[in-house]
Amino acid sequence: MSSSLNLARLRSSQEISAIRKEGQSFSSRNFVLLVKPNLLDTIRYAVIASRRVGGAVERNRCKRRLRSRVTRLAPKITPGNDLLIIARIACLETEPEILDKAFEQVFIQAGLISNHV
RNA sequence: CAGGUCAGCCAGGUGCGCGCGCUUAAUCAGUGAGGAAAGUCCGUACACCGCAGAGCAGGAUGCCAGGUAACCCCUGGGAGGGCGUAAGCUCUCGGACCGGGCCACAGAGACAUACCGCUCGCAAGAGUAAGGGUGAAAAGGUGGUGUAAGAGACCACCGCGUCGCUGGUAACAGGGACGGCCAGGUAACCCCCAUCCGGUGCAAGGUCAAACAGGAGAGAGAGCCUGCUCGGCUCAUUUGAUCUCCGGGUAGACCGCAUGAGUUGGCUGGUAACAGUCAAUCGAGAUAGAUGCGCAUCCACGACAGAAUACGGCUUACCGGUUGACCUGAGAU
RNA sequence: GUCUCCGUGGCCUAAUGGAUAAGGCACUGGCCUCCGAAGCCAGCAAUCUGGGUUCGAAUCCCAGCGGAGAUA
């Protein structure tokens with residue numbers, strides 16, 4: 001209950017474009033992760049699926065998959081960062097377990113998961 | 001039984017666990033995408049702006065009748081063409097005597113003409129348009145009479161036009177009389193005729209309203225270290241710190257926003273589209289944008305695809321399943 | 001969401017309803033050269049898709065597909 005409090009959504013387009021400009025990027029086949037430290041003790045995130053991914057059904061599916069993995073990993077992630085996750089076409093086809101692994105790998109690479117496993 | 005045609009319906013179900021949006025003070029609980037939600041191709045509602053009334057310009061529609069809030073929509077009917085043995089499917093539809101434009105190449109000639117021809121004649125010339133050739137298209141067609149050769153010059157049938165009659169609300173159909181066919185096509189070229197259309201679109205529009213700047217008034221103190229006193233510091237006291245009020249209104253929030261040309265069922269009228277009436281019922285409302293995942297089980301093994309102000313159509317995409325009517329062929333009784 | 005516009009070889013352009021769809025760059029082959037470049041000659045290759053109007057469609061009409069832009 002307390003862990004869910006420091007996970008928030010980013011809503012304004014100004015903040016998101018700031019992350020796109022200034023954030024550090026870490027990419028995989030399925031998605032791109034951009035990180036920018038904020039001065040708060042919370043994690044704020046946003047998920048983007050552009051028209052390149054597909055129609056409305058495919059875009060919703062991508063966002064759903066990525067969002068659910070963020071909420072699952074949230075207790076492990078070190079707070080104080082803004083995250084921006086951009087979906088790629090491949091994340092529609094990859095198996096859920098492989099996507100899980102790729103997600104953790106990228107977050108370790110970005111140094112966001114401190115107390116791993 | 002096989003093949004086909006048309007019309008309609010469904011769009012995985014049930015249980016458990018985790019998770020999301022909305023309703024709610026909160027839990028529990030309830031509820032939660034489509035037949036096309038799509039394309040944005042038409043038509044409206046609704047909102048604001050404009051507007052005495054009318055017209056011009058521009059655009060749309062175009063066989064007839066009906067339906068509808070309205071329609072490039074639907075239903076029924078008509079004429080003509082194409083496909084199919086058939087059930088049936090499909091395409092076309094005001095005006096060429098308002099006027100203008102265009103009709104390449106070929107061909108003698110494309111809207112006006114006689115090249116090769118035919119006939120008469122010694123010839124000059126005259127009479128012709130049957131046949132040839134060109135072309136998408138060349139002064140009704142076929143057969144006969146007739147003639148020097150020919151020609152609606154005349155006759156029969158068909159086509160065309162005009163005027164009555166009968167049936168039909170009408171488009172039109174049937175049949176009759178007369179004309180003797182004086183003149184091509186194209187209006188998805190301009191145009192003419194009839195009917196309709198003001199513009200912009202929910203990011204419409206409205207309410208509340210930080211901050212910054214502005215105006216009016218009060219005004220000598222206000223703030224910080226610090227909870228209080230002392231003390232200190234900063235900013236003010238001409239160019240005004242600070243406080244109060246004001247209008248417009250940005251960020252943001254809320255309304256618009258889902259009880260409606262609603263849905264389901266019955267009855268009545270109508271061939272039908274549809275209308276009327278009675279009863280029951282409330283079935284999404286997000287705002288970077290909510291519906292999924294796992295397990296079990298049943299089956300036909302799940303396609304196309306995701307609401308964003310709402311509705312009526314059209315068009316396009318689509319795994320399959322199923323119901324009814326009809327047509328053709330074969331066999332049996 | 002709403003509105004507007006466009007679509008011609010690999011790329012950039014042209015076109016009166018009447019052609020075998022034109023030109024430049026690129027590509028391929030040849031000539032030239034000791035070898036290249038340049039130049040010259042020849043070739044390859046296209047009207048987004050499907051219907052319709054018309055004697056005839058890249059052009060006109062309808063539907064679809066794809067791509068741009070505007071709107072805060």
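Lettering follows sequence order; numbering is per chain, from 1.
Rounded to an integer number of Å, the gap from CG of A:Leu66 to P of B:A290 is 13 Å. Atom CZ in A:Arg67 sits roughly 11 Å away from atom C1' in B:G21 (whole-Å rounding). Put simply, CZ on A:Arg69 is 11 Å from P on B:C293, counting in whole angstrom units. The separation between A:Ile86 atom CD1 and B:A288 atom C1' is 13 Å, rounded to whole Å. The nearest whole Å value for the distance from the CZ atom in A:Arg72 to the C1' atom in B:C20 is 14 Å. Protein atom CZ of A:Arg44 is 14 Å distant from nucleotide atom P of B:A288, rounded to whole Å.
With respect to A:Arg44 and A:Asp82, a salt bridge is recorded, a charged nitrogen being found less than 4.0 Å from a carboxylate O.
In terms of heavy atoms, A:Phe31 sits closest to A:Ala102 at CZ-O, 4.4 Å. Scanning both residues, A:Ser28 and A:Val106, for their nearest heavy atoms gives CB-CG2, 3.9 Å. Scanning both residues, A:Gly111 and A:Thr78, for their nearest heavy atoms gives O-OG1, 4.2 Å.
Taking atom P in both B:C28 and B:C9, the straight-line distance is 41 Å, to the nearest Å. For B:G329 and C:G51, the P atoms lie 34 Å apart once the distance is rounded to whole Å. When the C1' atom is used for both B:C319 and B:A305, the distance is 12 Å, rounded to whole Å. Comparing the C1' positions of B:U200 and C:U71 gives an interatomic distance of 12 Å, to the nearest angstrom. Using C1' as the reference atom, B:U271 and B:G58 are 43 Å apart when rounded to the nearest Å. One C1' atom belongs to B:A204, the other to B:C235, and the distance between them is 49 Å to the nearest Å. Only the P atoms considered, B:C93 is 8 Å distant from B:A188, to the nearest whole Å. Between B:C63 and B:U92, the distance separating the two C1' atoms is 11 Å to the nearest Å.
Pairing partner, B:U24: none, since no Watson-Crick or wobble contact has both distances short of 3.5 Å. Nucleotide B:U5 has B:A325 as its partner under the Watson-Crick or G-U criteria, with both atom distances under 3.5 Å. Of the nucleotides present, none pairs with B:U85 by Watson-Crick or G-U wobble criteria with both distances under 3.5 Å. Pair assignment for B:G131: B:C116, on the basis of Watson-Crick or G-U wobble contacts that are both within less than 3.5 Å. Across every strand in view, B:U239 sits unpaired, with no contact that passes the Watson-Crick or G-U test at under 3.5 angstrom. Under the Watson-Crick and G-U wobble criteria, each requiring two contacts below 3.5 Å, nucleotide B:U61 is paired to B:A194. Within the shown strands, B:C274 is the pairing partner of B:G269 under the Watson-Crick or G-U definition, both distances less than 3.5 Å. Both distances falling under 3.5 Å, in either a Watson-Crick or a G-U wobble arrangement, occur for no nucleotide opposite B:C97.
No more than 12 heavy-atom neighbours from other residues, nucleotides or ligands sit within 6.0 angstrom of CD on A:Gln24. Other residues, nucleotides and ligands place more than 12 heavy atoms under 6.0 Å from the CZ atom of A:Arg72.
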Which atom pairs, one a donor and one an acceptor, fall under 3.5 Å between side chains of residues 53-62 of chain A and the rest of the protein, sequence neighbours left out?
{"unit_1": "A:Glu58", "atom_1": "OE1", "unit_2": "A:Gly55", "atom_2": "N", "d": "3.0"}
{"unit_1": "A:Arg59", "atom_1": "NE", "unit_2": "A:Ala49", "atom_2": "O", "d": "2.9"}
{"unit_1": "A:Arg59", "atom_1": "NH2", "unit_2": "A:Ala49", "atom_2": "O", "d": "3.3"}

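Evaluation of the side-chain hydrogen bond (donor to acceptor under 3.5 Å, both in side chains) rule for A:Arg69 yields A:Asp100 as partners, not counting sequence neighbours. Applying the side-chain hydrogen bond (donor to acceptor under 3.5 Å, both in side chains) test to A:Asn81 and every residue at least two apart in sequence or in another chain returns nothing.
In B:G283 the base sits syn relative to the sugar, since the glycosidic angle is no further than 90° from 0. Glycosidic torsion of B:G164 falls within 90° of 0, placing the base in syn. Base orientation for B:A258: syn, the chi torsion being within 90° of 0. Base orientation of B:A45: anti, the glycosidic angle falling outside 90° of 0. In this entry the base of B:G144 is anti relative to its sugar, with a glycosidic angle more than 90° from 0.
When the side chains of ILVMFWY residues are joined at heavy-atom separations under 4.5 Å, either directly or via intervening members, A:Phe103 and A:Val35 end up in a single hydrophobic cluster.
At a threshold of 4.5 Å between non-hydrogen side-chain atoms, the residues A:Leu33 and A:Tyr45 do not count as touching.
Contacts between residues 24-33 of chain A and RNA chain B, defined by a heavy-atom separation below 4.0 Å, involve no residue at all.
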Using nucleotides 304-308 of chain B, report all nitrogen or oxygen pairs with the protein that are shorter than 3.5 Å.
none

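Within the 3.5 Å criterion, the main-chain N or O of A:Val47 finds no donor-acceptor partner in the side chain of A:Arg67.
How far OG1 of A:Thr71 is from CG of A:Leu66: 10.5 Å, rounded to the nearest 0.5 Å.
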Intra- and interstrand pairs of RNA chain C - dot-bracket, Watson-Crick/G-U under 3.5 Å, | marks other strand: (((((((..((((....[...)))).(((((.......)))))....(((((..]....)))))))))))).
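Within 4.0 Å (heavy atoms only), A:Arg59 reaches no atom of the nucleic acid at all.
Put simply, the residue from A:Val70, A:Ile48, A:Val32 that forms a side-chain contact (heavy atoms from CB on, under 4.5 Å) with A:Ile85 is A:Val70.
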